[in-house]
Amino acid sequence: MKLFDPHIHMTSRTTMDYEAMAQAGIAALVEPSFWLGQPRSHVGTFEDYFAGLLGWERFRASQFGIRHFCTLSLNPKEANNARVAQGVIDLLPRYLVKDGVVAVGEIGYDDMTPEEDKYFGVQLELALRFDLPVLVHTPHRDKKRGTERSLALIKEIGFPEERVLIDHNNEETLPRVLETACWAGHSIYPHTKMDEARMVALVKRYGAERILVNSAADWGVSDPLKVPKTVALMREAGLAEAVIETIVWDNPVAFFSQSGQLDVEGLADRPGIDQTRLFEGNSVLRGQAPVVEGQTPR
Amino acid sequence: MDRSSTRSPQSTLAPVALLFQELISRRGGEPARRWLDDARAATGPGPDREAFTTAFVGTARRLGKGPLEPSAEEVSRLQAVGVTWPVGGWGLDELGRATLLLLAAERLAARELLDLVEECYRRGDSRERQAIVRAMSLVPEPERFLEIGVDACRTHVQPLFEAIACENPYPAAYFPDLNFNQMVLKALFIGVALERIVGLAGRVTPELGRMAGDYASERRAAGRSVPADIWRATGER
C-alpha cells in the first residue's frame, strides 16, 4: 500500500528520514510552511524559505523516490509579528501560483488574537482568489474554542468547506468538524496531539470519510514514520484494508487534487530514483555511489 | 549615548541599581569589579550604542552564568527596594544585564531606551532575552515593554518562557486578559507549576476558568491526566 503523509516539515529532517519513509511505503507528502521554532525578523527570510520548499526540498525528496508538494502561507504564530506579517502576505501572490503549491497553509489560530483573526481572513480570501484549498492549523491551547472560531470564520467568509482541511484534531474537535463538509486531519505525535491507539479508536467510531492522518514531524520531538506506524496498528486492530487506504492515500489525494496541482495519474507510480541528478549544481550525496534505479550502484 | 534633558525623576530605580551592583561585586571578585567599571562607562556620558550592546552581550563571559542565590540578608534588602518576588533563579549574567538596563534607563529618553531594549531583545540570544524580560518591571514605565513580554510567551525555549511567566510580576501587572490567559494555558500545557506565576490568583476570571476547564476535559477525553494544580486557574478547589 502506498502511503501519503499530508503534513510533515521535511526541511527539519535528514536524508535518513527520507530513506526510512520511502522504505515504509511513503510515496508522497505535503510540507506546509510554518514557523521555524524561533521568530523570523525579516520578510526576506520567508522568500528564501519558500524558495527552499519549492526547489531544494522537492529535489531532496525526489532523490529518495518521494513526491514532495507544499502549502504556503503566513503561519498563525507569526501573524502576530508586525515586523513580517504584512510583508509575507504581500509576497504570497507570486508564490501561490507556482507548480506544486497544493493549498494555502498552515493558516488559522494560535493565541486567537485580533491579528490572527485578520490574517486568517485575509488568507482565506487569497485562497479564494487563487482557487486553492486551505490547510487550517488548530491551536494547542484552547483548542475547542479555536476550532469553533475557525469553522465560524470559514462560514462567515463563505469559503467552500469541502476545500478546507482542519488539522490536529482530537476526540473533542473531530465530531464538530465532521458536522461540516470540512476534512479532518490528525497529527500522530509521540506525546501530545494524538497517538496511534486513540486514532484507531476514532476511526472505529467515525469511519474513514474525510479523515486523514499525518506525522506533522518537524524540528521538535516527532516521528516521520507515524503514518506507517498508525497503519500497522489499524491492521492489528482489524480495520479493513480499504478503510486504511482511504485514510492514508485516497483522502489526501482527493483533498489536495482540488488544487489542480496534484498529478493524480503521475502519483500512481513512485518516481524513479536517479541520484546522479543535481539541483542547481548541488547533490544530496557526500561522496557515495549514486543510486540509479534499474542499475546496480557503481 | 544620547542623553535626555527631560529624564523623569526615579525614586526606586537608583536603590535597585545600586544594590544589584553590590551583589555583583560581592560575587565576582576582580573580574566583576572590572565589569562594573566598564558597565558604568558604557552607560555613562560619552559612549554610544555599540559600547552598550557590546557590554550587554559580553556580560556572560565576564560574570559567568552561575546562580545568584541571595542570602537571607540580601533577600530582605532586595525586598526593601521593591524586588519582592524570588530572584534566586537569576544567573549572574542576567543580573549584570539587568543592571546595565537600569543604568541606561537613568540616562536615556523614553523613546531611545525602548529602541535600545528592542534591539537588544531582537538580536539577543535566549539568555539575553531572559535578562530583559526579568528586568522589565524594574524599569520606569514598564507597560512600554508589553510587546516584548508577549513575544517571550510565544517562544518554544522553555527557560525564556519561564523567565517571563515565572517569578516575574510583569504579566499579572501589565498583560491584557487574552495574553495572560494564553500564558497560563501554556504553563499548564508544558508542565510549569502554576504557583510560580506571580499574581495569578488576582487574575483568575470566568474566561480563564473556562479555558482551563476545557483543557481538563480535552485531557480526560484523550485518556490523560489533568495537572493537579489546575485549580489555581479555575479558581475552584
Side-chain angles (χ1 to χ4, degrees), chain A residues 12 34-42 75-84 109-117 138-148 168-176 186-189 191-202 205 218-221, chain B residues 118-126 128-129 146-161 165 171 175-192 206-225 227 230 233:
Chain A
S12 305
F34 80 142
W35 86 305
L36 296 180
Q38 68 168 19
R40 281 167 277 202
S41 53
H42 304 276
N75 61 81
K77 202 157 179 134
E78 285 176 305
N80 294 299
N81 181 349
R83 208 173 286 282
V84 299
Y109 289 116
D110 180 48
D111 277 354
M112 286 186 267
T113 62
E115 290 76 19
E116 293 169 29
D117 262 328
T138 53
H140 304 277
R141 300 172 300 284
D142 214 0
K143 182 181 277 291
K144 219 183 322 181
R145 179 63 60 93
T147 307
E148 290 292 344
H168 317 313
N169 282 287
N170 63 21
E171 287 81 358
E172 297 195 320
T173 59
L174 174 60
R176 183 65 193 90
H186 301 81
S187 298
I188 314 298
Y189 252 41
H191 302 296
T192 57
K193 294 183 177 159
M194 177 59 58
D195 66 31
E196 293 95 316
R198 289 164 58 202
M199 193 64 227
V200 167
L202 287 176
R205 180 158 178 197
D218 57 17
W219 33 256
V221 176
Chain B
E118 281 178 346
E119 186 196 318
C120 286
Y121 182 82
R122 197 168 74 249
R123 298 197 168 141
D125 61 23
S126 293
E128 291 161 29
R129 291 179 178 187
L146 178 61
E147 220 173 291
I148 290 177
V150 168
D151 184 85
C153 279
R154 293 208 169 92
T155 183
H156 276 204
V157 179
Q158 186 149 342
L160 176 57
F161 176 76
F175 275 21
D177 281 347
L178 186 153
N179 308 101
F180 189 83
N181 294 348
Q182 285 286 342
M183 183 189 84
V184 175
L185 262 278
K186 184 163 181 168
L188 279 169
F189 198 78
I190 65 178
V192 167
E207 174 67 359
L208 178 57
R210 186 216 35 95
M211 290 168 76
D214 278 0
Y215 179 62
S217 158
E218 175 189 318
R219 296 279 305 177
R220 283 191 287 265
R224 292 179 170 152
S225 63
I230 198 164

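In what follows, every heavy atom counts, from backbone to side chain, and hydrogens, waters and symmetry copies are set aside. Letters A, B, ... are given to chains in the order of the sequence lines, protein chains preceding strands, and every chain is numbered from 1.
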Report task. First locate atom CZ of R210(B), then atom CG of N181(B), and finally report the distance between them rounded to the nearest 0.5 Å. Result ->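 That separation rounds to 9.0 Å.
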
Query raised in the report: From E147(B) CD over to N179(B) CG, what is the distance, rounded to the nearest 0.5 angstrom?
Result: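 Interatomic distance, E147(B) CD to N179(B) CG, rounded to 0.5 Å: 10.5 Å.
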
Query raised in the report: Parallel, tilted or perpendicular: which fits the ring planes of Y215(B) and F189(B), with parallel below 30° and perpendicular above 60°?
Result: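 The arrangement is tilted - the two ring planes meet at 30° to 60°.
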
Can you tell me which portion of [X] sits under 4.5 Å from chain B's heavy atoms? Options are side chain, backbone, both or neither.
| X | answer |
| --- | --- |
| P39(A) | side chain |
| N170(A) | side chain |
| T173(A) | neither |

**Report entry** Check: M211(B) and R145(A) side chains under 4.5 Å, non-hydrogen atoms
**Finding:**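 Counting from C-beta outward, R145(A) and M211(B) never come under 4.5 Å.
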
Query raised in the report: Less than 4.5 Å apart, any side-chain heavy atom of K143(A) and any of H168(A)?
Result: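 In short, these two side chains touch, coming nearer than 4.5 Å.
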
Query raised in the report: So what's closer than 4.5 Å to chain A heavy atoms on L185(B): side chain, backbone, both or neither?
Result: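 Both backbone and side chain of L185(B) come within 4.5 Å of chain A.
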
Query raised in the report: Is it the backbone or the side chain of R129(B) that comes under 4.5 Å from a heavy atom of chain A, or both, or neither?
Result: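 Side chain of R129(B) only, per the 4.5 Å heavy-atom cut-off to chain A.
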
Query raised in the report: Does the side chain of N80(A) come under 3.5 Å of the side chain of T113(A) through a donor N or O and an acceptor N or O?
Result: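 Side-chain D/A pair, N80(A) to T113(A): present.
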
**Report entry** E119(B) bridged to R123(B) by N-O distance under 4.0 Å
**Finding:**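 Salt bridge flag = yes for R123(B) with E119(B).
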
Query - Salt-bridge contact R40(A)-E78(A) (side-chain N to carboxylate O under 4.0 Å) - result: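 Salt bridge: yes.
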
Query - Per-residue contacts, residues 153-161 of chain B versus chain A, heavy atoms under 4.5 Å - result: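 Within residues 153-161 of chain B, the residues that come under 4.5 Å of chain A (heavy atoms only) are R154(B), H156(B).
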
